[in-house]
Amino acid sequence: MNDAPRLSIPLLKRRLRSYGTSLFAAGCALVAGCASSSGCEARYDASPQFKGCNFQNLPNPDVRPSASGWRIWSRFIVGDKVGTVPVDPIPVRMLATADLEALDPKANHVVRLGHSSHLLKLQGKYWLIDPVFSERASPFTWVGPKRFHKPPLRLEQLPPIEGLILSHDHYDHLDVATIEYLAQRVQRYFVPLGVRARLVAMGVPAERVTELDWWQGGEHDGVKLTATPAQHFSGRTLTDRDRTLWASWVVQSGEQRIFYSGDSGYFPGFKQIGERFGGFDLALMENGAYDAYWPAVHMTPEQSVQAFEDLRGKVLYSVHNTTFDLAFHTWHDPLDRIADLSQAKKIELATPVIGEVLTVGKARTNERWWQGLR
């Protein structure tokens, strides 16, 4: 039963336009009953994560179950959302090609594009992580979560991209329009098992895609990559839940190691990753879109900090926030809480402005840029 207030028909229509098909698919995919169990599109029997026709998370006795699909979706459609979308403009530092070229080619740099999208300059070569340049995180241009801000540079302004890393196939991480534009412009793609077929359908040459299982690694142009475990799920329709794998990533450039959590709930795997790699110079940690209705697949700020400590990170970099309205917390709640927690624990925190460049290993002053914004 849902105890949310009733909405007028016009307001209900606005809600449906706002959340639309993409959130319906994501919400429904949280419930196993929404998944199709018909014939496998592809088999990955060599993977310990692949059972039947689907990929699975690692065993976690402490995992909490999600609410039913009906409860999640009735809440999305008729529940109250307060402060989830900023009233004031989100600050963006616009970038020019010259700004990127001026970055030290001997260092490693991370440029925040928004949500979980990042442009990396790794010892002079450019890489992308989960790039989403479209206005909406959705299969359609007219419905679904809409950006709070423009990207700090246009797709057409991107320099030649050496490599692209994807964590999983959800619409706020794998964007069709972006990939179609980049298809022939990226030299090498690194993706979890099953995602190659997604990219090929978007025009990416199959021979440019390296598919990896958890703990498998690859190397391209001096950069070493390892796909590592995460606790999440996958799917882009109502019938393909968990047909592709999801992953976190370890990126090593020179002597520096960068960790990217992708999307994940808190699980013991973070400690295992930290032990295997001996810590990280920078850890890009998911911090947003959490909710008590789906506690297993996204982390609260408190869990993000604990995961960072498990990983033995030096600098905690907050991602997965400030771009799309994907949950019920206020848009600034992830930033408020992780900033307070990091200050209390004396953790070095990075909450960059959109378009800001962070140079790995270089001292910086972190600012609570969101304070005072509505």
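Note that this is a predicted model, so its numbers are computed, not measured.
A centroid separation of less than 6.0 Å is found between the aromatic rings of His170 and Phe233. Under the 6.0 Å cut-off for aromatic ring centres, Phe76 and Phe328 qualify, their centroids lying closer than that. Ring-centre distance between His320 and His173: below the 6.0 Å cut-off. For Phe270 and Phe308, the distance between ring centers is not under 6.0 angstrom.
Using a cut-off of 4.0 Å between Lys/Arg side-chain N and Asp/Glu carboxylate O, Asp88 and Arg374 are scored as salt-bridged. Checked for salt-bridge contact, Asp340 and Arg368 meet the test: a charged N lies under 4.0 Å from a carboxylate O. A salt bridge links Asp291 with Arg75: at least one charged nitrogen is closer than 4.0 Å to a carboxylate oxygen. Salt bridge Glu309/Lys345: present, at least one basic N to carboxylate O contact under 4.0 Å. The pair Arg188-Glu162 does not count as a salt bridge, with every side-chain nitrogen at least 4.0 angstrom from each carboxylate oxygen.
Of the listed residues (Val209, Leu128, Leu199), just one forms a side chain to side chain contact (heavy atoms under 4.5 Å, CB included) with Leu166, and that residue is Leu199.
Scanning both residues, Leu103 and Lys121, for their nearest heavy atoms gives O-NZ, 3.0 Å. Annotation for Glu286 and Ser261: closest pair N-OG, 2.8 Å, computed over non-hydrogen atoms.
Annotation: cation-pi pair Arg236/Tyr171 present, NZ/CZ under 6.0 Å from the ring centroid and within 45° of its normal. Seen from the ring of Tyr181, Arg185 counts as a face-on cation partner, given the 6.0 Å and 45° thresholds. Tyr189 does not carry Arg196 over the face of its six-membered ring by the limits of under 6.0 Å from the centre and within 45° of the normal. Arg276 forms a cation-pi arrangement with Trp215, by the criterion of a distance under 6.0 Å to the ring centre and an angle within 45° of the ring axis.
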Discussion item. Go through it in stages, so that I can follow the logic: the residues are His118 and Tyr317, the test is ring-ring contact (aromatic ring centres under 6.0 Å, His included), and I'd like the CA-CA distance, side-chain angles, deciding distance and then a yes or no.
Written reply: CA-CA 12 Å; His118 291 81; Tyr317 185 120; 5.2 Å; yes
Worksheet item: After noting the C-alpha distance and the side-chain angles of Glu302 and Arg337, does the key distance pass the salt bridge (Lys or Arg N to Asp or Glu O under 4.0 Å) rule?
Response: CA-CA 8 Å; Glu302 291 76 14; Arg337 287 164 64 179; 2.7 Å; yes
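Using bins of under 30°, 30° to 60° and over 60° for the plane-to-plane angle, the ring pair Phe55/Tyr44 lands in the tilted bin.
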